[in-house]
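The structure under discussion appears below in the form of structure tokens.
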Amino acid sequence: MEPYLGDNLIFIISQPRSGSTMLQRVLSGHSDIQTTAETWMMLHPIYGMRTSGIETEYNATWSRQAMLEFLENYATSTDVLDDAIRAYANVLYGHVLSKNFKRLFLDKTPRYFFIIPELYRLFPKAKFIFLLRNPLAVLQSELTTYVKNDWKILGWFKPDLVEAPLLIQQGIELLGKDGHVVRYESFVEDPERQTADLCRYLGIDMQASMVDYSSTPAPKGGMNDPVGVHRHSRPKTDSSDNWKKLAEDPQSLHFAHEYLDAVGPSTLASIGYSTGDLKQVLGPPPDAMDPSIYPWQLALRPWQKWNLKERYRAELYASSLRHPGNPMMSRLGARRRWLQFINREIRAAFGN
């Protein structure tokens, strides 16, 4: 029997907050396409054979070693595990399609940017849509939708912000003509033309129900855009320039400049955005040594891993909020709380 190669699958690969839910809603307006909230379904079986990036109670390293030994001693070919993963996908995706009388399943899971090569190897007949958006727009949306001034949780989104652009660009290069690139800014500017191009790539006829998705049911499940797309019934350009608001607040402006440097000019250029042009629009960065600015590097590191210098900087920021406009009091307050922390750590180390 021929292995399942994903001929009924569509993957949207993107950063979160890049318009993927809007694109998903447009495509799910087609009578042949079934979708749901983010499935995250292919991550675990693929990560099971990776040497890093996965932690488990049962010890992922030993599990991988055991599987390798099993395949070496008993499998008739090295492709057996791939076929098993394909069968797993075929059962789950196929069940949903059969239940809903649809022909194509659209899986929109942003963190699939981590497994693009594996997905392409496993499902060479699947369709891969790469959605690109100005990374500063992604940052602005993350800050306003999820972070909401709780800077310590920004690190949760480090993969989506810092790692995703390069991985997506590498995926585009890997797939070449087998993939299809959509730019968010172009899509909302002319959704009819962009949707028609997408339909040609997918091998389906464009339907009037797609661009106006007012009658298209929202995908079921909580792993999806909590705001955004629900405000409209068709793609709109009204949020295309929201990223410029980053320049209105010193903290957001600091994050924006640091984020562009973290992604890097070459990666940004490879996906069609100019670091110099974006920084010119933002204007000069604020003084990163200002106690009232929460440092980007601190925000990306889990607080459990902070060294003493980083902990003092965090205390200085917190103290500046308690004593706005009074740098002397900010420093004294930060030093006192920092010394209290060191004292607690010493007592804990010696069992006191």
Side-chain angles (χ1 to χ4, degrees), residues 10-30 35 38 106-113 116 127-146 157 159-172 175 179-202 206 210-213 216 218-219 224-246 256 259-260 263 267-275 277-278 281-282:
I10 304 168
F11 294 110
I12 293 179
I13 309 292
S14 70
Q15 291 180 269
R17 315 306 306 161
S18 60
S20 56
T21 303
M22 175 271 296
L23 182 59
Q24 177 187 35
R25 186 70 72 86
V26 168
L27 290 174
S28 65
H30 195 283
T35 193
E38 298 170 13
L106 170 62
D107 191 339
K108 190 272 293 184
T109 301
R111 286 201 175 172
Y112 280 176
F113 57 68
I116 297 170
K127 299 295 185 180
F128 290 80
I129 301 169
F130 294 95
L131 176 62
L132 302 177
R133 188 178 187 181
N134 179 348
L136 286 183
V138 174
L139 174 67
Q140 193 270 341
S141 187
E142 291 275 19
L143 293 177
T144 56
T145 304
Y146 296 124
F157 307 101
D160 308 318
L161 293 169
V162 179
E163 299 176 53
L166 177 59
L167 293 173
I168 292 171
Q169 180 261 324
Q170 291 174 340
I172 293 171
L175 268 73
H180 184 87
V181 177
V182 176
R183 196 171 297 279
Y184 172 86
E185 295 84 1
S186 300
F187 193 91
V188 296
E189 190 70 35
D190 191 355
E192 286 80 8
R193 179 178 177 181
Q194 294 286 325
T195 303
D197 289 344
L198 259 176
C199 287
R200 279 191 291 272
Y201 166 68
L202 297 175
M206 182 174 172
M210 299 178 73
V211 174
D212 183 346
Y213 46 79
T216 302
N224 229 329
D225 181 2
V227 288
V229 69
H230 307 294
R231 296 197 297 259
H232 306 296
S233 60
R234 60 178 287 119
K236 297 283 187 179
T237 60
D238 57 354
S239 61
S240 294
D241 289 333
N242 280 355
W243 65 273
K244 296 179 182 178
K245 295 178 182 179
L246 292 167
Y259 176 43
L260 291 177
V263 176
T267 297
L268 284 168
S270 70
I271 60 173
Y273 299 93
S274 165
T275 300
D277 291 346
L278 293 174
V281 174
L282 289 173

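In this text the structure is predicted, and so the values were computed from the model without any measurement. Every heavy atom of this structure was used, including side-chain atoms; hydrogens, water molecules and symmetry mates were not.
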[X] side chain near [Y] side chain, heavy-atom distance below 4.5 Å:
{"X": "F128", "Y": "I172", "result": "no"}
{"X": "V188", "Y": "S240", "result": "yes"}
{"X": "P235", "Y": "V211", "result": "yes"}
{"X": "V281", "Y": "W243", "result": "yes"}
{"X": "N242", "Y": "S141", "result": "no"}
{"X": "C199", "Y": "M210", "result": "yes"}
{"X": "F187", "Y": "M22", "result": "yes"}
{"X": "I271", "Y": "I168", "result": "no"}

Value rounded to 0.5 Å, distance of [atom1] in [X] from [atom2] in [Y]:
{"X": "T275", "Y": "L260", "atom1": "OG1", "atom2": "CG", "answer": "5.5 Å"}
{"X": "E189", "Y": "Y184", "atom1": "CD", "atom2": "OH", "answer": "11.0 Å"}
{"X": "D160", "Y": "L139", "atom1": "CG", "atom2": "CG", "answer": "11.5 Å"}
{"X": "Q15", "Y": "L132", "atom1": "CD", "atom2": "CG", "answer": "8.5 Å"}
{"X": "S14", "Y": "R133", "atom1": "OG", "atom2": "CZ", "answer": "10.5 Å"}
{"X": "F11", "Y": "F130", "atom1": "CZ", "atom2": "CZ", "answer": "11.0 Å"}

Mind listing the closest non-hydrogen atom pair of [X] and [Y] along with its distance?
{"X": "I116", "Y": "G171", "answer": "CG2-CA, 3.8 Å"}
{"X": "P219", "Y": "T35", "answer": "CG-CG2, 4.1 Å"}
{"X": "A218", "Y": "R25", "answer": "CB-NH2, 3.2 Å"}
{"X": "P165", "Y": "V162", "answer": "CD-O, 3.7 Å"}
{"X": "P135", "Y": "Y259", "answer": "O-CE2, 3.3 Å"}
{"X": "F113", "Y": "P159", "answer": "CZ-O, 3.6 Å"}

Check your understanding: Can you list the steps and then say if F157 with R17 is a side-chain contact (heavy atoms from CB on, under 4.5 Å)?
Key -> CA-CA 11 Å; F157 307 101; R17 315 306 306 161; over 6 Å; no

Review point. Any donor and acceptor pair, going by atom type alone, linking the side chain of E38 with main-chain N or O of P110 inside 3.5 Å?
Key: no

Point to revise | Audit row: L268, S274, side-chain contact (heavy atoms from CB on, under 4.5 Å) steps and yes/no | key: CA-CA 6 Å; L268 284 168; S274 165; over 6 Å; no

Exercise for review: Mind running side-chain contact (heavy atoms from CB on, under 4.5 Å) on V26 and L198 for me, showing each step along the way?
Suggested key: CA-CA 11 Å; V26 168; L198 259 176; over 6 Å; no

Check your understanding: What residue among I13, V181, L27 forms side-chain contact (heavy atoms from CB on, under 4.5 Å) with I129?
Key -> L27

Point to revise | Parallel, tilted or perpendicular: ring planes of Y201 versus H180, cut at 30 and 60 degrees | key: parallel

Practice item. Could you tell me whether R183 sits above the aromatic face of Y273, with NZ or CZ closer than 6.0 angstrom to the six-membered ring centre and within 45 degrees of the axis? Key: yes

**Study point:** Test: E192 and R234 ion pair at under 4.0 Å
**Key:** yes

Practice item. Walk me through it: do D197 and V182 pass the test side-chain contact (heavy atoms from CB on, under 4.5 Å)? Key: CA-CA 9 Å; D197 289 344; V182 176; over 6 Å; no

